[in-house]
Number of protein chains: 4
Amino acid sequence: MAKNKKQDILDASAELFASQGFDNTTTLMIAKEARVTEPLLYYHFKGKEDIFSKIIHDVFKEYAQAIEDLPKNTDTEFEKLANLIRFHMHIAEKRPREARLLLANCPLKLLQRNHACKEIMESQHEIVQGYIQQCLEAGNAKGEFDAQPVDHMAIILFSLVNEILRRKTFCKDDPWPDEDAVIDFCKRALIRL
Amino acid sequence: MAKNKKQDILDASAELFASQGFDNTTTLMIAKEARVTEPLLYYHFKGKEDIFSKIIHDVFKEYAQAIEDLPKNTDTEFEKLANLIRFHMHIAEKRPREARLLLANCPLKLLQRNHACKEIMESQHEIVQGYIQQCLEAGNAKGEFDAQPVDHMAIILFSLVNEILRRKTFCKDDPWPDEDAVIDFCKRALIRL
Amino acid sequence: MAKNKKQDILDASAELFASQGFDNTTTLMIAKEARVTEPLLYYHFKGKEDIFSKIIHDVFKEYAQAIEDLPKNTDTEFEKLANLIRFHMHIAEKRPREARLLLANCPLKLLQRNHACKEIMESQHEIVQGYIQQCLEAGNAKGEFDAQPVDHMAIILFSLVNEILRRKTFCKDDPWPDEDAVIDFCKRALIRL
Amino acid sequence: MAKNKKQDILDASAELFASQGFDNTTTLMIAKEARVTEPLLYYHFKGKEDIFSKIIHDVFKEYAQAIEDLPKNTDTEFEKLANLIRFHMHIAEKRPREARLLLANCPLKLLQRNHACKEIMESQHEIVQGYIQQCLEAGNAKGEFDAQPVDHMAIILFSLVNEILRRKTFCKDDPWPDEDAVIDFCKRALIRL
DNA sequence: CATGAATGAGTATTCATTCAT
DNA sequence: AATGAATGAATACTCATTCAT
């Protein structure tokens with residue numbers, strides 16, 4: 001569609017990787033979907049794997065930015081956690097392709113040593129876990145939570161957030177509690193009355 | 001090892017699927033790993049996909065049985081939930097190959113309509129969610145919990161259990177809270193003092 | 001069906017060779033069709049090619065015998081030729097499987113040097129051509145025909161007979177003149193008034 | 001030979017299909033014979049069967065054109081029939097490869113429903129039979145023949161023409177009457193003095 | 001006579017990638 | 001920037017045949 005064929009290739013690849021998986025997508029499929037010839041893929045990228053790397057980097061960049069953009073000034077620290085949870089529940093609906101792309105392909109890619117996926121997963125880990133940890137520490141300091149130990153709690157919350165995204169992506173038909181139920185669950189665990 | 005070459009094939013395949021993924025494992029690799037010739041794969045199985053199906057069915061059968069075998073008589077309902085969490089944390093250590101096999105390959109397989117993986121995932125869903133739901137309902141009845149609504153809580157706990165398995169499988173090096181921290185997190189959410 | 005499994009194998013093979021061709025019929029198909037295991041084929045025969053040879057020999061033996069059994073005493077020599085034509089027109093209806101078996105597979109087999117088919121085709125040639133030639137010579141001697149030269153006429157008549165069989169076998173749906181038209185055509189060519 | 005590798009593939013395939021049969025010709029053989037790599041076969045054609053289809057279509061197109069090109073203005077209608085017979089006797093000598101290709105492979109292909117061979121055989125049927133039928137009708141009208149019934153006669157003559165081609169192709173060593181004998185045979189059947 | 005298990009050699013086809021232009 | 005032609009290396013799968021029992 002766009003005049004930029006390089007972007008067409010990235011779009012077509014993302015669509016195909018997301019709907020069929022990396023290994024089941026051939027360069028010919030990509031070329032056809034992008035209305036381009038195969039050699040052009042190699043003019044713009046080093047190869048199929050390179051296209052995949054570019055895509056997940058782009059996707060992750062946007063994701064990291066969105067987390068960065070979450071409101072910094074909130075009445076309570078818990079509100080920040082609630083925002084994080086809400087954000088992840090929304091992604092699955094707003095960016096289903098990107099969610100599928102990462103969640104379906106990365107587990108396999110992680111089996112390969114030194115894959116680009118690994119560093120991205122680690123970055124996500126750092127960013128999200130850092131976000132949570134800051135909230136917890138600030139909340140503890142304020143007496144809002146009595147979340148102890150912070151690091152363990154952070155991992156548990158991070159896991160929950162991740163799994164939310166996964167379920168909403170792959171089990172679309174299954175019932176899933178609305179945001180409030182999830183947020184309430186966490187609130188109960190963090191805030192003892 | 002065993003005299004039974006059919007089992008050798010299943011073992012070799014499981015190992016390779018778990019360590020490299022289904023698509024990156026060739027029938028020749030399987031044959032070599034199993035110290036067998038390629039045509040024998042086709043004598044015992046319909047094809048590569050059939051081998052995969054047999055393996056995940058076997059793995060799931062054992063998993064379902066293990067859940068069935070969890071102690072039925074416990075002092076508290078929460079103890080049952082704690083057992084479920086402990087069981088999943090142990091699997092990743094006792095059966096790392098099987099955990100990797102399923103968690104790495106199934107997301108991709110789920111993209112294909114009508115794949116055997118889908119029904120297995122649904123069975124797991126039913127079994128584990130059923131287990132949790134029973135605990136919650138019994139616990140609510142006894143006044144042990146005030147978990148409301150039951151179905152939402154069950155899904156959240158199920159998600160947590162799943163993600164525990166995933167993280168322990170793929171992020172072995174990352175720190176992970178010991179059992180007690182996870183169990184405590186849930187206890188705080190379920191049991192208000 | 002029969003207790004004789006060797007015959008079952010021959011029957012099953014004939015059926016499959018006739019309906020799918022030699023190369024498209026696998027030994028496994030034969031075994032299944034004959035309700036027998038593959039190694040038994042090799043107990044009774046040297047191999048797939050050997051089964052084929054046995055079948056075409058049997059078929060040809062019966063064919064040669066039938067020609068031998070055509071009535072020897074007829075009012076006219078032409079009646080003998082008419083009988084030969086009628087006999088071939090009937091085969092396609094009475095023995096469609098055997099006709100298909102030979103006519104579909106032999107052309108290809110003839111491409112291979114020294115194939116059993118070759119000698120059989122030559123035998124058929126000799127027998128039928130001999131039959132025709134005798135009729136023509138006797139008819140010429142009696143003044144019934146003025147068929148000259150005999151050998152050329154014999155080949156032409158033989159060709160016509162062969163093609164009749166072929167068309168009735170492969171072009172079942174196409175219209176085909178009844179016996180009388182063919183016989184009449186030959187009569188006109190042989191018997192000048 | 002030619003710079004056009006696509007044509008090289010067709011030539012090599014035709015040669016091999018004609019001398020060994022479709023099923024006994026592997027794609028590797030074709031590639032080697034055409035001095036080309038195997039994947040190129042799949043770049044230019046959909047597969048082995050597609051190569052075969054292209055060849056028989058080409059062969060048939062040329063055949064149909066040659067029949068179309070037979071002289072339209074002849075002194076007698078019989079001369080037209082004689083030309084048809086002569087034409088077929090010449091094909092076997094001028095185009096032995098193409099004759100073998102079709103006559104050896106098509107009977108088998110006809111066993112498969114909906115094969116390209118079927119429609120080609122039917123086209124040939126229509127063309128040749130139409131040609132003969134026109135001659136007979138015109139000849140009858142002029143009083144040149146008393147060929148009755150026309151359609152039956154046409155089929156018989158068509159059969160004869162077909163079998164001539166077959167025998168000259170497969171039984172090269174066998175004696176075969178010269179053109180004049182065949183033509184004379186037909187003349188006697190058609191033209192009563 | 002009969003078979004379950006096993007295999008050497010192949011068989012059509014695919015795929016990521018490159019080259020010449 | 002773009003492509004038609006071409007390929008090395010697989011890749012899942014098949015087949016006639018044999019062996020041990």
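This one's a predicted model, so the numbers in the text were calculated from it and none came from an experiment. Residue numbers begin at 1 in each chain, while the letters A, B, ... track the order of the sequences.
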side-chain hydrogen bond (donor to acceptor under 3.5 Å, both in side chains) partners of D:R95, counting only residues at least two apart: D:E62
D:D50: side-chain hydrogen bond (donor to acceptor under 3.5 Å, both in side chains) partners, not counting sequence neighbours: D:K54
Set of residues satisfying ring-ring contact (aromatic ring centres under 6.0 Å, His included) with respect to B:F52, sequence neighbours excluded: B:F17, B:F22
Sub-4.0 Å heavy-atom contacts from residues 109-116 of chain D onto DNA chain F, ordered by number: none
Spacing of the P atoms in E:dC1 and F:dA20 (rounded, Å): 22 Å
Qualifying residues under side-chain contact (heavy atoms from CB on, under 4.5 Å), relative to [X], sequence neighbours excluded:
{"X": "B:T27", "answer": "B:E38, B:L41, B:Y42, B:K48"}
{"X": "B:D58", "answer": "B:L10"}
{"X": "A:R166", "answer": "A:L103, A:N162, A:E163, A:F170, B:E163, B:R166"}
{"X": "C:T37", "answer": "C:P39, C:L40"}

Please report, rounded to the nearest Å, how far the [atom2] atom of [N] is from the [atom1] atom of [X].
{"X": "D:L40", "N": "F:dT7", "atom1": "CG", "atom2": "C1'", "result": "9 Å"}
{"X": "C:Q7", "N": "E:dC1", "atom1": "CD", "atom2": "P", "result": "13 Å"}
{"X": "B:K32", "N": "E:dA6", "atom1": "NZ", "atom2": "C1'", "result": "18 Å"}
{"X": "D:F52", "N": "E:dT13", "atom1": "CZ", "atom2": "P", "result": "14 Å"}
{"X": "C:D8", "N": "E:dC1", "atom1": "CG", "atom2": "C1'", "result": "14 Å"}
{"X": "D:I9", "N": "E:dT13", "atom1": "CD1", "atom2": "C1'", "result": "14 Å"}
{"X": "A:N24", "N": "E:dT14", "atom1": "CG", "atom2": "P", "result": "14 Å"}
{"X": "D:Q20", "N": "E:dT11", "atom1": "CD", "atom2": "P", "result": "12 Å"}

Pairwise 5' ranking along DNA chain E for B:Y43 and B:T37, keeping only the more 5' one: B:Y43
Straight-line distance of D:K32 NZ to D:M29 CE, nearest 0.5 Å: 9.0 Å
Distance in Å, D:Q20 CD paired with D:T25 OG1, rounded so as to fall on 0.5 Å steps: 4.5 Å
Set of residues satisfying salt bridge (charged side-chain N to carboxylate O under 4.0 Å, His left out) with respect to D:E119, sequence neighbours excluded: none
Annotated protein contacts, base or backbone, on nucleotides 14-21 of chain F with a non-hydrogen cut-off under 4.0 Å, one of B, S, - each: BBBBBB--
B:H44 side chain near E:dG4 phosphate (N/O to OP1/OP2, under 4.0 Å): no
Pairing pattern in dot-bracket form [Watson-Crick, G-U; both distances under 3.5 Å; | = partner strand] for DNA chain F: .||||||||||||||||||||
Ring pair (Phe, Tyr, Trp, His ring centres under 6.0 Å) contacts in which one or both residues fall within residues 99-122 of chain C, not counting sequence neighbours: none
